[in-house]
Every structure is written in structure tokens, then in C-alpha cells.
Amino acid sequence: MQIQLAYTPLFKSHNAGPGHPERPARLDAIVEGLDHANLTSKIVTFAPEPCDERHLNRVHTTAHVQRVLDSDGTPTMFDGDTRTSKDSIQAALAAAGAACQAVDIVLEDPVTTVFSAGRPPGHHAESTRAMGFCLFNNVAVAAAYAIEERGLERVMVFDPDVHHGNGTQEIFYANPSVYYASIHQWPFYPGTGHATETGTGPGTGTTTNIPLPGGCGDPDYSTVSAALATEIQDWNPQLILFSAGFDAHHLDPLGGMNVTTNGFRQIFGPFCLAARSAEIPFAFLLEGGYSLQALAESVPAILQDCAQESWPVMPVVESGDRIADLVQSIVAGNRTARREIN
């Protein structure tokens with residue numbers, strides 16, 4: 001099966017300053033990892049076009065978009081964590097553009113997998129502000145693009161980044177067309193993502209948060225992912241977008257989890273398998289992950305699975321498992337809430 005990689009040297013031009021964990025070397029690690037895994041020759045690489053401003057305005061306020069665009073060419077500090085260099089805004093436009101192109105590619109050829117290596121990442125960017133290393137919310141831009149430009153009615157976003165995607169949740173919290181599911185460390189930055197945050201109004205039941213205590217590893221994450229993946233059959237999305245964060249890896253300097261490289265195969269595997277079985281296209285958009293070794297191992301591992309369509313078989317989890325009971329309770333509650341709304 002074909003793998004396409006959205007990549008441009010422009011992604012490396014974004015530099016938040018010396019010592020910043022969200023650094024250009026992250027992309028070098030991914031590219032070197034793909035080469036080491038002998039995947040480079042099997043991947044089609046495309047250079048994305050910059051995102052049209054109207055796509056940004058669907059998920060961000062005009063004031064936020066203009067503030068970011070006005071800083072183009074001038075290093076700017078949006079908050080203590082979110083700083084830019086001369087070419088950062090062009091990189092951000094390319095990352096958001098890559099997200100939209102990924103949607104086009106997988107909708108037109110559902111058996112193709114796209115991985116966008118876009119920087120800066122996006123899932124912390126809210127409708128009104130940049131934060132958490134993020135300027136524009138790439139996955140939100142892509143989901144809104146799929147709905148407004150491609151006519152989809154249901155898009156699922158799965159976000160296993162160790163930090164909760166507060167921006168994606170905020171943007172779609174009342175939107176019944178986007179299902180946001182997150183596994184994240186709790187309590188942790190940015191302080192959102194409690195299990196009781198399940199959407200509001202017509203979006204009730206379309207936000208599912210699974211907050212996990214620090215120290216969780218492969219068994220916990222695989223259990224949660226397998227349970228969340230059952231929502232694919234219940235909610236029947238027409239597209240799945242992965243906010244592909246790798247900072248739950250045990251080597252990551254910012255996270256506090258114990259997921260292994262093989263564990264990421266178990267995290268994404270149930271979603272990929274369920275999606276392929278139901279002929280639902282999907283794409284990966286890079287979020288966090290700050291260990292270069294973890295990125296060099298984990299990204300090739302999940303793309304190798306996609307290329308071979310050979311995802312790990314998930315173990316059967318018996319009732320009584322603490323994490324299993326938690327996630328099943330949350331999922332069941334959200335299903336009930338959705339049905340009551342509809």
C-alpha cells in the first residue's frame with residue numbers, strides 16, 4: 001500500500017530558539033529513521049502548498065490569524081513556550097496546507113496513507129490564540145476543510161499525544177460533525193482534558209477524554225486504544241485524522257509515560273485496522289515527541305505497519321482491569337449522551 005510523506009525543508013526553518021525541545025532535528029530523526037528502516041524508497045514525498053487563509057479562518061478568529069500572519073519575517077514570542085523565527089510563519093502555513101492536502105489525497109485514494117511531518121505542530125492552538133509550541137491548529141484546519149470543502153459529515157480525530165489537545169477540543173466542542181478522542185497524561189499541561197469534558201450542545205458526546213496517571217505504559221495505552229477504536233463502528237466517521245504525538249514514549253524528556261516503540265504500534269493499530277476494515281481513509285499529522293531516538297523508531301514502525309497492512313493483534317482485556325473499566329465507562333456514557341441528543 002502506498003505511503004505519502006508531506007515534507008519540505010521549510011518545515012525545518014521554524015526554530016523556536018536554542019534549547020527548545022520542538023526543534024528542527026526532530027525532522028532529521030524521522031527522515032533518518034525512515035531510511036534506516038528501508039522505507040525511503042517506498043514512500044512518495046510531496047512538498048505542500050501554503051494553506052489558504054480562508055481555511056485557517058474556519059477554525060481560528062480573524063484576529064488570531066492576522067496576528068500570526070503579521071509577524072511573518074519577524075521573530076515573535078506568542079507566549080513563554082511559543083516562539084518563532086524569521087521563516088516560522090511560512091512553515092506554519094505549509095504545515096496547515098499539508099494537512100489539507102493529506103485530506104485530499106486519502107479521500108481520493110483511500111488505501112493510501114499520508115504522514116505529514118509538518119512543523120510547528122498544532123493541537124494546542126485554540127481559536128483565538130497560539131500556545132504550547134503551536135501557531136495554527138493543523139488537524140482542526142484539516143477536519144474543517146474535509147467538512148466544508150469535501151462535503152464530509154463526520155470526521156474523527158484521535159490524539160494520543162501525552163499533552164491534551166486543548167485547542168482541537170475547544171474548536172469542535174459544540175460541533176457534532178467532529179469526534180475528538182484523546183488519551184493523555186493527567187494532571188499535566190495544559191490542564192484540560194478531564195473525563196467529564198464530553199462536548200456541549202449539539203456536540204454533546206462527541207468529545208472523549210481518557211486522562212491517565214503518569215507512568216502508564218503499553219498495556220494501559222493498548223487497552224484504551226482498543227476500546228476507543230470501537231467508536232469507529234458506532235459513530236461511523238468518513239475520515240480519521242491522527243494527531244500523531246509521540247511524547248508518551250518512555251524516552252521523551254517532556255512526558256511522564258512509559259510507552260515503548262512497539263507500544264505506539266498498539267496505540268494506532270486498532271484504529272488503522274478498524275478504519276481499513278470499514279474502508280475509512282486516514283492520515284497522520286505530526287504533533288509532539290521530543291526524543292529523537294523515539295521519533296526515529298516510532299514513526300517508521302507505524303508506517304511500516306500501514307505499508308504492509310499488518311497491525312498488531314490486540315490482547316483481550318478482561319473485566320476488572322482498572323483502565324479497561326474506566327475507558328469503557330466513559331465511552332458508554334458518551335454513546336448514551338449522543339443518542340439522547342439525536
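The analysis underlying the following values was restricted to heavy atoms, covering all of them including side chains, and did not include hydrogens, waters or symmetry mates. Position 1 is the first residue of the sequence, and the numbers go up from there.
Taking the six-membered ring where tryptophan is involved, the planes of His163 and Tyr189 are perpendicular, since the angle between them exceeds 60° and thus also 30°.
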All N/O donor-acceptor pairs, side-chain side in residues 236-243, below 3.5 Å, sequence neighbours left out:
| residue | atom | partner | partner atom | Å |
| --- | --- | --- | --- | --- |
| Gln238 | OE1 | Glu153 | N | 2.6 |
| Gln238 | OE1 | Arg154 | N | 2.9 |
| Ser243 | OG | Glu287 | OE2 | 2.9 |

Residues 90-113, side-chain donor-acceptor partners within the protein, below 3.5 Å, at least two apart:
| residue | atom | partner | partner atom | Å |
| --- | --- | --- | --- | --- |
| Gln90 | NE2 | Asp72 | OD2 | 2.8 |
| Gln101 | OE1 | Glu49 | N | 2.6 |
| Asp104 | OD1 | Tyr145 | OH | 3.0 |
| Asp104 | OD1 | Arg150 | NH1 | 2.8 |
| Asp104 | OD2 | Tyr145 | OH | 2.8 |
| Glu108 | OE2 | Arg150 | NH1 | 3.4 |
| Asp109 | OD2 | Thr112 | OG1 | 2.8 |
| Thr113 | OG1 | Arg276 | NH2 | 3.1 |

Throw together a table of side-chain donor-acceptor distances under 3.5 angstrom for residues 127-134, partners on residues two or more places apart or in other chains.
| residue | atom | partner | partner atom | Å |
| --- | --- | --- | --- | --- |
| Ser127 | OG | Glu170 | OE1 | 3.4 |
| Ser127 | OG | Glu170 | OE2 | 2.7 |
| Arg129 | NE | Glu126 | OE1 | 3.1 |

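Linking Ile, Leu, Val, Met, Phe, Trp and Tyr residues whenever their side-chain heavy atoms come within less than 4.5 Å places Leu286 and Val162 in a single cluster. Val157 and Ile183 are assigned to two separate hydrophobic clusters, defined by single-linkage of ILVMFWY side chains at heavy-atom distances under 4.5 Å. In the hydrophobic cluster analysis, where Ile, Leu, Val, Met, Phe, Trp and Tyr join through side-chain heavy atoms closer than 4.5 angstrom, Ile267 is grouped together with Phe188. With hydrophobic clusters built from ILVMFWY side chains whose heavy atoms lie under 4.5 angstrom apart, Val65 shares a cluster with Val141. Under the 4.5 Å side-chain heavy-atom criterion for ILVMFWY residues, a single connected hydrophobic cluster contains both Met257 and Leu295.
In this structure a side-chain-to-backbone donor-acceptor pair under 3.5 Å is missing from Asn166 to Gly193. In this structure, the side chain of Ser225 does not engage the main chain of Ser222 through any donor-acceptor pair within 3.5 Å.
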Next item on the list: Carefully, step by step, assess Thr230 and Arg335 under the rule side-chain hydrogen bond (donor to acceptor under 3.5 Å, both in side chains).
Entry: CA-CA 11 Å; Thr230 64; Arg335 287 181 182 175; 3.0 Å; yes
Next item on the list: May I have the step-by-step check of side chain to side chain contact (heavy atoms under 4.5 Å, CB included) for Thr204 and Arg338, ending in yes or no?
Entry: CA-CA 6 Å; Thr204 298; Arg338 288 199 302 273; over 6 Å; no
Margin query: Set out, in order, the CA-CA distance, both residues' side-chain angles and the distance that settles side-chain hydrogen bond (donor to acceptor under 3.5 Å, both in side chains) for Thr84 and His14, then state yes or no.
Written below: CA-CA 7 Å; Thr84 65; His14 166 58; over 6 Å; no
Next item on the list: Kindly indicate, with the supporting measurements, whether the criterion side chain to side chain contact (heavy atoms under 4.5 Å, CB included) is fulfilled by Val44 and Gln2.
Entry: CA-CA 8 Å; Val44 175; Gln2 189 180 83; 3.7 Å; yes
Note to self: side-chain hydrogen bond (donor to acceptor under 3.5 Å, both in side chains), that's the test. Do Ser291 and Asp252 meet it? Break it down for me.
What the structure shows: CA-CA 5 Å; Ser291 162; Asp252 196 273; 6.0 Å; no
Next item on the list: Please report the C-alpha distance between Ile147 and Val178 in whole Å, then the side-chain angles of each, then the deciding distance to 0.1 Å, and finally whether the side chain to side chain contact (heavy atoms under 4.5 Å, CB included) criterion is met.
Entry: CA-CA 9 Å; Ile147 293 165; Val178 178; 3.6 Å; yes
Next item on the list: Begin from the C-alpha positions of Phe282 and Cys272 and carry the test side chain to side chain contact (heavy atoms under 4.5 Å, CB included) through to its verdict.
Entry: CA-CA 8 Å; Phe282 57 81; Cys272 294; 3.9 Å; yes
Next item on the list: Show the numbers, then the answer: is there a salt bridge (charged side-chain N to carboxylate O under 4.0 Å, His left out) between Arg339 and Asp234?
Entry: CA-CA 11 Å; Arg339 287 166 183 155; Asp234 189 81; 2.5 Å; yes
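Side-chain contact of Arg67 with Thr61: a donor-acceptor pair under 3.5 Å is absent, judged by distance alone. Using modelled atom types and a 3.5 Å distance limit, the side chains of Asn137 and His123 yield no donor-acceptor pair. In this structure, a donor-acceptor pair under 3.5 Å is absent between the side chains of Glu231 and Gln233. For the 3.5 Å distance criterion, the side chains of His249 and Thr261 qualify, holding a donor opposite an acceptor. Residues Arg54 and Asn57 bring no donor and acceptor atom of their side chains to less than 3.5 Å of each other. No donor-acceptor contact under 3.5 angstrom links the side chains of Asp220 and Thr223, judged on distance only. For the 3.5 Å distance criterion, the side chains of Asn138 and Ser116 fail to qualify, holding no donor opposite an acceptor. Ser88 and Ser85 share a side-chain donor-acceptor pair at under 3.5 Å.
Gln169 has its side chain within reach of Asn209: a pair of non-hydrogen atoms, C-beta onward, lies under 4.5 Å apart. Counting only heavy atoms from C-beta outward, the side chains of Asp247 and Asp161 approach each other to under 4.5 Å. Contact check for Val114 versus Phe46: side-chain heavy atoms found under the 4.5 Å cut-off. The closest side-chain heavy-atom distance from Ser182 to Phe158 is not below 4.5 Å. Within the 4.5 Å cutoff, no side-chain heavy atoms of Ile323 are placed close to those of Tyr221. Asp305 places a side-chain heavy atom less than 4.5 Å from the side chain of Pro312. Contact of the Tyr7 side chain with the Ile30 side chain is not registered, since no non-hydrogen atoms from C-beta on lie closer than 4.5 Å. Looking at Val155 and Ser177, their side chains never come closer than 4.5 Å, going by heavy atoms from C-beta outward.
With sequence neighbours left out, the ring pair (Phe, Tyr, Trp, His ring centres under 6.0 Å) criterion links His164 to Tyr180, His184. Evaluation of the ring pair (Phe, Tyr, Trp, His ring centres under 6.0 Å) rule for Phe11 yields no partner, not counting sequence neighbours. Judged as a side chain to side chain contact (heavy atoms under 4.5 Å, CB included), and not counting sequence neighbours, the contacts of Ala195 are Pro211, Ile330. In this view, Glu22 and Arg26, Arg119 satisfy the salt bridge (charged side-chain N to carboxylate O under 4.0 Å, His left out) rule, not counting sequence neighbours. Considering only residues two or more places apart in sequence or on other chains, Arg58 meets the salt bridge (charged side-chain N to carboxylate O under 4.0 Å, His left out) condition with Glu149. Not a single ring pair (Phe, Tyr, Trp, His ring centres under 6.0 Å) links Tyr173 to another residue, sequence neighbours left out. In this structure His60 satisfies the ring pair (Phe, Tyr, Trp, His ring centres under 6.0 Å) test together with His64, Phe136, sequence neighbours excluded.
Annotation: side chain to side chain donor-acceptor pair (under 3.5 Å) contacts involving residues 28-40, sequence neighbours excluded, comprise Lys12-Asp28. Residue pairs meeting the ring-ring contact (aromatic ring centres under 6.0 Å, His included) criterion with at least one member in residues 293-313, sequence neighbours excluded, do not occur.
Around the CD atom of Glu279, the shell of radius 6.0 Å holds no more than 12 heavy atoms that belong to other residues, nucleotides or ligands.
Screening Ile43, Ile3, Thr45 for a side chain to side chain contact (heavy atoms under 4.5 Å, CB included) involving Leu34 leaves a single residue, Ile43.
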